Asks: 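Quick one: this structure, given as structure tokens, is what I'll be asking you about.
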There are 2 protein chains.
Amino acid sequence: MARLAGVSRATVSYVLNNTGAVRISEPTRRRVHEAARELGYVPHAAARSLRAGHSRIVLMPAPAIAPGPLYSRYLNELQWALGRLDYTVVQHGNVGLHGDEAVRAWAELRPVAVLVPGAGIGPEGVAVLKRSGARAVVTLGPEPVDGAHALLMDNERVGHRAGAHLYARGRRRIGVVVPEESGLEIFSRPRLAGVRNALRGTDGTVTELPLGYDEESAARLAERCRGLGLDAVFAYNDEYAMLLMRALQDDGVRIPEETAVIGADDLMLGRLLRPRLSTVHIDLPSGRYVADLVDRAVRNPGAAAERLTVLGATVVQREST
Amino acid sequence: MARLAGVSRATVSYVLNNTGAVRISEPTRRRVHEAARELGYVPHAAARSLRAGHSRIVLMPAPAIAPGPLYSRYLNELQWALGRLDYTVVQHGNVGLHGDEAVRAWAELRPVAVLVPGAGIGPEGVAVLKRSGARAVVTLGPEPVDGAHALLMDNERVGHRAGAHLYARGRRRIGVVVPEESGLEIFSRPRLAGVRNALRGTDGTVTELPLGYDEESAARLAERCRGLGLDAVFAYNDEYAMLLMRALQDDGVRIPEETAVIGADDLMLGRLLRPRLSTVHIDLPSGRYVADLVDRAVRNPGAAAERLTVLGATVVQREST
DNA sequence: TTGAAAGCGATACCAC
DNA sequence: GTGGTATCGCTTTCAA
């Protein structure tokens with residue numbers, strides 16, 4: 001390539017990588033830089049990582065369905081933080097690939113670390129990734145996976161907080177909205193379980209309420225709520241809560257007097273409703289924090305897998321409960 | 001590697017790639033497959049694309065700020081469609097990189113095609129990508145870029161539709177909400193311009209209204225609206241519309257009688273407000289369609305750059321206008 | 001039907 | 001200081 005600019009490729013490599021051990025004369029450096037710019041030279045990541053035996057790629061599977069606005073904000077923060085540590089963050093769009101296939105598709109890129117949200121991987125998957133050169137595998141999900149570091153997003157706790165809050169406010173017949181949309185079970189099931197646990201051993205009851213993300217479904221569910229005699233509902237997140245709350249109001253149900261409603265995720269829009277929507281605010285770990293964990297794991301691949309619970313959940317009471 | 005399983009690496013390559021021209025004996029194939037599974041062998045994408053001279057990677061820069069829920073749905077559809085055509089979709093998290101730097105970071109991965117949303121690239125950028133082996137560069141944005149195929153997201157039209165609608169409903173003093181959050185200008189500026197164009201030469205006036213995504217900002221703006229004597233507002237999208245509408249209502253403004261409000265993007269949540277929010281529904285091209293365009297461009301890199309306007313905008317009148 | 005060997009681009013070591 | 005050269009994992013051509 002740019003050795004057409006007068007020098008050998010080795011020299012080019014030295015110059016462009018600013019190798020400390022070897023000193024190149026200033027005129028030569030300039031010639032190389034100029035030639036590079038002129039030819040629009042861009043190093044070949046594949047060749048480099050082939051030679052080096054590893055890449056600086058941190059791979060994340062792109063989620064099949066956006067879990068909510070929270071996630072994309074979080075993702076950007078994380079990308080920024082990893083970028084500062086000189087990693088290249090890459091989201092792999094493996095829609096339609098499952099389990100093993102997906103893992104192999106990720107492994108082909110030989111990422112130095114893999115960040116898996118949800119439940120997209122098992123112990124064998126982790127092993128495949130590690131054998132293929134990944135120095136760190138980090139899961140972000142409800143439970144740890146053997147061999148991988150775990151950031152435990154304890155959604156069970158979210159449900160527990162909501163359940164305890166409603167019970168403390170005197171509610172006994174509690175419904176829990178679970179999205180019908182598939183791909184959200186990883187989050188919604190633990191939230192439901194959390195409510196159940198909060199009410200276990202009390203006189204409260206918990207009813208699962210499937211809800212599709214559309215108005216007809218909400219109208220049907222509102223009607224069903226009436227029949228069930230519920231006095232409170234915890235919805236998967238604020239969007240589903242808004243949907244149901246509207247339908248209940250249209251049915252003449254007074255909120256919170258007859259039925260209390262609480263959501264989760266603390267979206268801006270929940271504050272706009274009347275009554276203002278109570279919610280469970282979720283604290284995700286900062287991007288910095290996760291980025292540092294990844295970096296530590298990469299530098300020290302032998303270390304024991306860390307397991308950290310990283311999801312703070314606090315009830316924000318507004319007017320709907 | 002798996003040649004420890006009895007055969008040469010060439011044979012392995014044949015078997016795993018199902019090469020048609022060479023036939024391998026069935027027992028050998030089995031031995032190779034078994035060994036591969038046992039060793040957890042995964043081909044090395046870098047080595048392959050180094051040798052082949054090209055990859056199957058379609059690269060998209062990950063947007064710094066999610067333009068809305070519409071986008072993630074669209075992205076998934078696109079990823080799925082490209083996956084079916086055997087491309088590997090990769091979102092490059094280049095937060096903090098600008099212009100040229102970002103383009104070079106993308107080029108390092110030697111993608112076969114690059115899909116750039118927004119205004120993230122200029123003609124020189126396209127040239128760099130092409131020199132580095134990209135067989136297709138496609139922009140999704142307001143205006144075409146030399147050398148690249150363009151899917152013209154004509155946000156000007158969105159604003160135009162909204163402006164024309166409001167004017168037709170008898171409104172004359174029209175405010176246009178523009179997000180204060182940076183990164184959204186690519187979408188918001190053309191929408192504002194569209195309203196201006198729709199009202200050019202009439203007795204209507206257009207006022208730009210900056211709005212941050214929070215309640216205090218909305219309250220301030222609501223007050224300002226009163227002073228300006230506006231009788232209609234077109235908001236950047238439904239979320240900003242909801243925010244402002246709530247603030248106006250809290251100020252005692254009757255909607256739509258005193259002030260009409262219309263948003264854009266046709267989000268589910270807009271229907272839940274009272275009055276139901278009017279909106280400009282946006283038709284994005286199907287993932288299939290864009291995937292086919294990319295595939296055509298890759299197969300036939302010499303062809304002239306296609307320029308297609310791919311954004312349908314229709315006013316959905318509900319109760320707020 | 002299989003094996004040997006060249007070569008993709010970048011790098012690191014070793015001579016000059 | 002600088003220029004050859006072997007090397008990474010894989011595909012492909014050529015020979016056997």
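This one's a predicted model, so the numbers in the text were calculated from it and none came from an experiment. Quick note: numbers below take in every heavy atom, side chains included, and nothing from hydrogens, waters or symmetry partners. Letters A, B, ... are given to chains in the order of the sequence lines, protein chains preceding strands, and every chain is numbered from 1.
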Asks: Rounded to whole Å, how long is the line connecting atom CZ of A/R110 with atom C1' of D/dC10?
Replies: 11 Å
Asks: Ignoring backbone atoms, test whether B/Y14 places a side-chain nitrogen or oxygen under 4.0 Å from the OP1 or OP2 oxygen of D/dT13.
Replies: no
Asks: Are side-chain heavy atoms of B/P142 and B/I186 found at a separation under 4.5 Å?
Replies: yes
Asks: So, A/E185 side chain and A/G183 main chain: donor-acceptor pair closer than 3.5 Å or not?
Replies: yes
Asks: To the nearest 0.5 Å, what is the distance between CZ on A/R288 and CG on A/L78?
Replies: 12.0 Å
Asks: Just the atom pairs and distances: protein N or O near nucleotides 6-8 of chain C's N or O, under 3.5 Å.
Replies:
unit_1 : atom_1 : unit_2 : atom_2 : d
C/dG7  : N2     : B/R51  : NH1    : 3.2
C/dG7  : N3     : B/R51  : NH1    : 3.3
C/dC8  : O2     : B/R51  : N      : 3.3

Asks: Axis-to-axis angle across the helix from C/dT1-D/dA16 to C/dC16-D/dG1, five pairs an end, to 10 degrees?
Replies: 50°
Asks: Using whole Å, report how far CZ of A/R131 lies from P of D/dG9.
Replies: 16 Å
Asks: For D/dT12, take OP1 and OP2 only and decide whether either is under 4.0 Å from a side-chain N or O of B/S13.
Replies: no
Asks: From C/dG3, D/dC10, C/dA10, pick the nucleotide closest to the side chain of B/T11?
Replies: C/dG3
Asks: Apply the test side chain to side chain contact (heavy atoms under 4.5 Å, CB included) to residues B/I57 and B/R110: give CA-CA distance (whole Å), side-chain angles for both, the deciding distance (0.1 Å), then the verdict.
Replies: CA-CA 8 Å; B/I57 290 178; B/R110 294 295 190 276; over 6 Å; no
Asks: What is the distance from OH of B/Y41 to P of D/dT11, rounded to the nearest Å?
Replies: 6 Å
Asks: Round to a whole Å and report the spacing from CZ of B/R56 to P of D/dC10.
Replies: 19 Å
Asks: Between A/R73 and A/D265, does any side-chain N to carboxylate O distance fall below 4.0 Å?
Replies: no
Asks: Taking the side chain as every heavy atom from C-beta outward, state whether B/I282 and B/Y74 have any pair of such atoms under 4.5 Å apart.
Replies: no
Asks: Please report the distance, rounded to the nearest Å, between CZ in A/R31 and P in D/dT2.
Replies: 9 Å
Asks: Between B/R296 and B/D292, does any side-chain N to carboxylate O distance fall below 4.0 Å?
Replies: no
Asks: Quick one: which of C/dG9, D/dT11, C/dG3 gets closest to the side chain of B/R48?
Replies: D/dT11
Asks: Just verifying a value: how many Å separate B/L50 CG and B/H44 NE2, rounded to the nearest 0.5 Å?
Replies: 10.0 Å
Asks: Measure the spacing between CG of B/D283 and CG of B/L311 and express it to the nearest 0.5 Å.
Replies: 8.0 Å
Asks: Please give, in whole Å, the distance from C/dG9 C1' to B/L109 CG?
Replies: 15 Å
Asks: Please give, in whole Å, the distance from D/dG9 C1' to A/H44 NE2?
Replies: 13 Å
